[in-house]
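Data block below; observations after.
The figures that follow rest on heavy atoms only: side chains count, while hydrogens, waters and symmetry mates do not.
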Amino acid sequence: MAKTNDEIMDEVTARLAATCDLDPTVSLLDGTGEFQDTVLESTYLIEAYQAGKDLTLAKLAYVADDMKSLPLKERVERASRAIIFSDNWQQERAA
């Protein structure tokens, strides 16, 4: 059975929270690596969720290089909004 958007969001927000809880010296948005990849993909999926898109299709449509090619300032702004939404999502789901 296919996962619902909410089930996928539970996974996305948990993965993002775990990544954000890492050593603060780890660069999440500048450079390369699995941490940046997690933040950028999570950002994309959270934005898709907020836009009312199907997250299963959004996962298939995600192209990492598209997000990585954005200017650092835009990546930071978008990721910051996604992290805030993710935190709020987890708090609301726990309630």
ask   = Can you find a pair of side-chain heavy atoms, one from Met67 and one from Arg75, that are under 4.5 Å apart?
value = no
inquiry  = Would you say that Met9 contacts Phe85 through its side chain, given a criterion of any heavy-atom pair below 4.5 Å between the two side chains?
reply    = yes
request  = Determine the interplanar angle of the Tyr49 and Trp89 rings, folded into 0 to 90°, and report it as parallel if under 30°, tilted if 30 to 60°, perpendicular if over 60°.
outcome  = perpendicular
ask   = Roughly how far, to the nearest 0.5 Å, is the CD1 atom of Ile83 from the CD1 atom of Ile46?
value = 8.0 Å
inquiry  = I need the Glu77 CD to Leu70 CG distance, nearest 0.5 Å.
reply    = 11.0 Å
message = Taking the basic N atoms (NZ, or NE/NH1/NH2) and the acidic carboxylate oxygens, is any pair closer than 4.0 Å for Glu11 and Lys3?
response = yes
ask   = Any side-chain heavy-atom pair from Arg81 and Thr43 closer than 4.5 angstrom?
value = no
Side-chain donor-acceptor contacts of residues 54-64 below 3.5 Å, not counting sequence neighbours, with atom names and distances?
unit_1: Asp54; atom_1: OD1; unit_2: Thr56; atom_2: N; d: 2.7
unit_1: Asp54; atom_1: OD1; unit_2: Leu57; atom_2: N; d: 3.2
unit_1: Tyr62; atom_1: OH; unit_2: Glu41; atom_2: N; d: 3.4

request  = For Arg15 and Ser42, work out which heavy atoms get closest and say how close.
outcome  = NH2-OG, 3.9 Å
query = In Å, rounded to the nearest 0.5 Å, how long is the span from CG of Leu45 to CG of Leu16?
reply = 10.5 Å
remark   = Heavy-atom nearest pair, Leu40 first then Lys68, reads CD1-CG, 3.6 Å
message = Please check this pair: side chain of Ser86 against backbone of Ala82, looking for a donor-acceptor N/O pair closer than 3.5 Å.
response = no
ask   = Strictly by modelled atom types, are Gln91 and Asp87 linked by a side-chain donor-acceptor pair under 3.5 Å?
value = yes
message = I'd like to check Lys53 versus Asn5 (side-chain heavy atoms, cut-off strictly below 4.5 Å). Are they in contact?
response = no
